[in-house]
Amino acid sequence: MPTGENSVVMSCENISKSYPVRKGLFRRVAGQKQIVRGVSFELERGRTLALVGESGCGKTVLLRVLLGIEKNSGGRFLYRGRNTETMSAAEQREMRLKVQMIFQDTLGSFHPRMSVREALEEPLILSGVKSGSERMATIETVLGQVGLSPLYLTRYPHQLSGGQRQRAAIARCLAVAPEIIFADEPISALDVSLQAQVVNMLMDLQDDYQLSILLVAHDLAVVRQIADTIMIMYLGAIVESAPAREIYGDARHPYTQALLQAAPSIKKGLTDENFTVHLKPGDLPDPANPPSGCLFRTRCVRATALCAEAAPAPREVSPKHVVLCHFAQE
Ligand SMILES: Nc1ncnc2c1ncn2[C@@H]1O[C@H](COP(=O)(O)OP(=O)(O)O)[C@@H](O)[C@H]1O
Ligand SMILES: [Mg+2]
């Protein structure tokens, strides 16, 4: 597996995203709520980076910003070392083909009146494949890769099961030979046996194509098999980021520890000691009105007076293992 500078296909530095908060009869802007807070990462060729955090923490907003669906409020995003904001239109088109997205809601991501064949053909037409027989050959290849019979080509999205639709969605991504796939909770709507199948399929495809995957999940159990690196997000900030084995074996942030505790299939392998850390009850704080100091302190069982006063600085506890907690060393 290649390492080093050349294998980074995508990186972002200090990406943030805020929305205006509107109030009153005239919907005047009364402030800002910051949803994504200074996220930085590198995605390497052929690797999987997982982004994990509870519902509402800002995962989808981050993906939308990375895809250019929404404008970031700060930071920069590099695709193959080039700044996406200063790219030429041609480079942006190329990037849009090379970076593909799989959504959680597969029914919503297919046009209801397009057959599977039409849905798969569309990106090929957009990417300039002129010959119909060439398009058909590609479609048959990618269908085979996701294990769907050509019989499904004439079906419509609502005639497929959730698992079949997710396969068709992945096939549609693969048709344009992407380099990077963003998968936003791609398996959370599927039942457990299908989840494993889809994850295994993604891993096989990754091997075949050297795909880089940014996989979003709200649960640490789901990404265990496939992630090389894991970022834990809380209230829009990355609170811990590390090689996957360190997240599962040596989590330092109290929030990561709480997530591990909440992941049912991981629980079995852990000892009681890992379960002494609990999360204080309550919801995510309102992003428009975040806690002072450490963002996590209102739900942290270890919080002290220091945590209300000062925001912790990111600390590298071991190579590539960064934690945002005043007590990360302990
Ligand atoms: N267009 C928008 N305008 C204002 N707030 C938004 C917008 N989109 C998302 N949000 C808010 O951003 C937060 C994070 O949402 P999201 O990224 O969807 O969370 P998740 O981690 O579950 O994917 C939520 O509080 C949501 O209400
Ligand atoms: Mg989401």
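We count ligands from 1, going down the list as the structure has it; atoms in each ligand are counted the same way. We count residues from 1, following the sequence as given. Because the structure is a prediction, the values reported are computed rather than measured.
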- prompt: Looking at K33, which atoms of ligand 1 are within less than 4.0 Å of one of its heavy atoms?
  reply: 4 (C), 5 (N)

statement: protein heavy-atom neighbour closest to atom 15 (O) of ligand 1 works out as V61 CG2, 4.0 Å

For atom 6 (C) of ligand 1, closest protein heavy-atom neighbour: Y19 CE1, 3.5 Å

task: Report the hydrophobic cluster partners of F26, with the cluster defined as I, L, V, M, F, W, Y residues connected by side-chain heavy atoms closer than 4.5 angstrom, directly or transitively.
output: L25

field: ring-ring contact (aromatic ring centres under 6.0 Å, His included) pairs, two or more places apart, involving residues 280-312
entry: Y234-F296, H253-F296, Y255-F296

- request: Taking atom 9 (C) of ligand 1 as the reference point, report whether a protein heavy atom occurs under 4.0 Å from it.
  value: yes

message: Listing by chain and number, which protein N, O or S atoms are under 2.8 Å from the Mg ion (ligand 2)?
response: T60 OG1

query: Considering only heavy atoms, which of G56, P287, S18 lies nearest to atom 14 (C) of ligand 1?
result: G56

query: Under 4.0 Å between a Lys/Arg side-chain N and an Asp/Glu carboxylate O for R252 and E240?
result: no

- prompt: If you look only at pairs with a residue in residues 75-95, which of them pass as a ring-ring contact (aromatic ring centres under 6.0 Å, His included), with sequence neighbours excluded?
  reply: none

task: Just need the protein heavy atom nearest to atom 23 (O) of ligand 1, so name the residue and atom and give the distance.
output: T60 OG1, 2.8 Å

message: Taking only non-hydrogen atoms of S55, do any sit less than 4.0 angstrom from ligand 1?
response: yes

